[in-house]
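Notes follow once the structure below has been shown.
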2 protein chains.
Amino acid sequence: MKRNTWQREAVRAALDTAEGFVSAQGLHATLHATGSPIGLATVYRALADLAAEGAADSLQSPEGESLYRACTNDHHHHLICRNCGLTVEIEADAVEIWAKNVAAEHGFSQAAHVVDVFGLCATCAPVAPSPGRFARGASRP
Amino acid sequence: MKRNTWQREAVRAALDTAEGFVSAQGLHATLHATGSPIGLATVYRALADLAAEGAADSLQSPEGESLYRACTNDHHHHLICRNCGLTVEIEADAVEIWAKNVAAEHGFSQAAHVVDVFGLCATCAPVAPSPGRFARGASRP
DNA sequence: AATGGTTTTGACAATCATTATCAATAAGCG
DNA sequence: CGCTTATTGATAATGATTGTCAAAACCATT
């Protein structure tokens, strides 16, 4: 049976509050900063559960960290500033269809896709390109 | 000055030979298996160099491992079997344009994108879904 | 072919995110 | 309230990747 604990609620609340994507480590740090004594392992578990039940979605930053964000439950992709982490949700029906088709054309089933765009947002574009949390090169366009 | 060493050639050759994407660890294991005494750190460095100079492209498996593949130097994306690692190169001009546009529309510059489709290939679809090297859920479609 | 200045290598330690362990705790049912 | 069992959390373990640094290799030059 699944039980409701204040820890899980805390993680869910912190996720809802967070702007853009956050790492499990970052979320744990945030929670601690607000006085919550929640354990790190618990944050990982709660995030994994939320992602599994569709209440959060996850992606990997180019450095390989897993990032999570509260999910509005409809499918979308993300435009992420590689300097400040600002995230914009983008809808892309065209891409959805394309992904499904291209998989089918090659005999693939159960297709999942990773479609995310990293760049510099209008605010960060002028500043020095200090490699922030979202730096290392993805597959080059 | 950049120097040519047999180690770098070995990595390049092993990459060319490999089917689909391989991890640095895997490539190192393969090289050892064929008798090469190359060091693990060297494989990492060689792969990073190859990726930096555009001779290889890299992506992250859903588990967060960095995977590399010899690059044919024109830009494309990948359709990857999450069970056996079979990789199909796919071209997607439409997606290229879409990514560029969506970034521009939101004031983003220097856009890079991560567009890869994971699924089960025709061969693996029937077999039991044993979670192979490419298992954990990406952003759900 | 020998020399010398630099780059590269490789064994190993260090780092860092994530997962496993397992006794102690707390949820929810009766 | 008491019992059963899922959950927590401190810590150890894991596993990929990167840093360190002396020794070896590369290559232009002599």
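Letters go in sequence order (proteins before strands), and every chain restarts at 1. Note that the structure is predicted; figures quoted are calculated from it, not measured.
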Cluster overlap B:L27 with B:Y44, hydrophobic side-chain contacts below 4.5 Å |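 Hydrophobic grouping puts B:L27 apart from B:Y44.
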Nearest to the side chain of [X], which nucleotide is it out of [options]?
X	options	value
B:W6	D:dC26, D:dA16, C:dT19	D:dC26
B:S66	D:dT17, C:dT9, C:dT18	D:dT17
B:Y44	C:dT18, C:dT9, D:dT17	D:dT17

Rounded to whole angstrom units, what separation is found between the [atom1] atom of [X] and the [atom2] atom of [N]?
X	N	atom1	atom2	value
A:E9	D:dT8	CD	C1'	16 Å
A:L27	C:dT18	CG	P	12 Å
B:F21	D:dA16	CZ	C1'	18 Å
B:R8	D:dA25	CZ	C1'	12 Å
A:H28	D:dT8	NE2	P	13 Å
B:Y68	D:dA16	OH	C1'	11 Å
A:E65	D:dT18	CD	P	14 Å
A:L47	D:dT7	CG	P	15 Å

What pair of heavy atoms forms the shortest contact from [X] to [Y], and how long is it?
X	Y	answer
B:Q7	B:T42	CB-CG2, 4.0 Å
B:L79	A:V102	CD2-O, 3.7 Å
B:A51	B:Y68	CB-CE2, 4.2 Å
A:A99	B:V117	CB-CG2, 4.3 Å
B:G26	B:S23	N-OG, 2.9 Å

Listed partners of A:H106 passing ring pair (Phe, Tyr, Trp, His ring centres under 6.0 Å), at least two apart =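 Result, ring pair (Phe, Tyr, Trp, His ring centres under 6.0 Å) vs A:H106: none returned.
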Atom pairs, protein N/O to nucleotides 28-30 of chain C N/O, distance under 3.5 Å:
residue, atom, partner, partner atom, Å
C:dG28, OP1, A:N4, N, 3.3

Student check: side-chain heavy atoms of A:L50 and A:V11 closer than 4.5 Å |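 A side-chain contact under 4.5 Å exists here.
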With sequence neighbours excluded, residues passing side-chain contact (heavy atoms from CB on, under 4.5 Å) with B:D49 |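 For B:D49 the side-chain contact (heavy atoms from CB on, under 4.5 Å) partners, ignoring immediate neighbours, are B:R8.
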Output all residues satisfying side-chain contact (heavy atoms from CB on, under 4.5 Å) with A:A10, sequence neighbours left out; order by chain, then residue number.
->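 Scan of A:A10 (side-chain contact (heavy atoms from CB on, under 4.5 Å), adjacent residues dropped) gives A:W6, A:L31.
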Terminal axes of the helix from C:dA1-D:dT30 to C:dG30-D:dC1 (five pairs each): angle between them, nearest 10 degrees =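 Between the axes fitted at each end of the helix from C:dA1-D:dT30 to C:dG30-D:dC1 lies an angle of 30°.
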What does A:Q7 touch in the nucleic acid at a heavy-atom separation under 4.0 angstrom: a base, only the sugar-phosphate, or nothing?
->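 It contacts sugar-phosphate atoms only.
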Please answer whether the main-chain N or O of A:I38 pairs with a side-chain N or O of A:H28 as donor and acceptor at a distance below 3.5 Å.
->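 Present.
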Quick one: CH2 on B:W98 to CG on B:D93, what's the gap to the nearest 0.5 Å?
->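 B:W98 atom CH2 to B:D93 atom CG measures 15.0 Å (nearest 0.5 Å).
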Considering only nitrogen or oxygen atoms on both sides, find all protein atoms under 3.5 Å from nucleotides 20-25 of chain C and state each distance.
none

Does A:V43 or B:L40 map to a spot on DNA chain D nearer the 5' end, using the closest nucleotide for each?
->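 Result of the comparison: A:V43.
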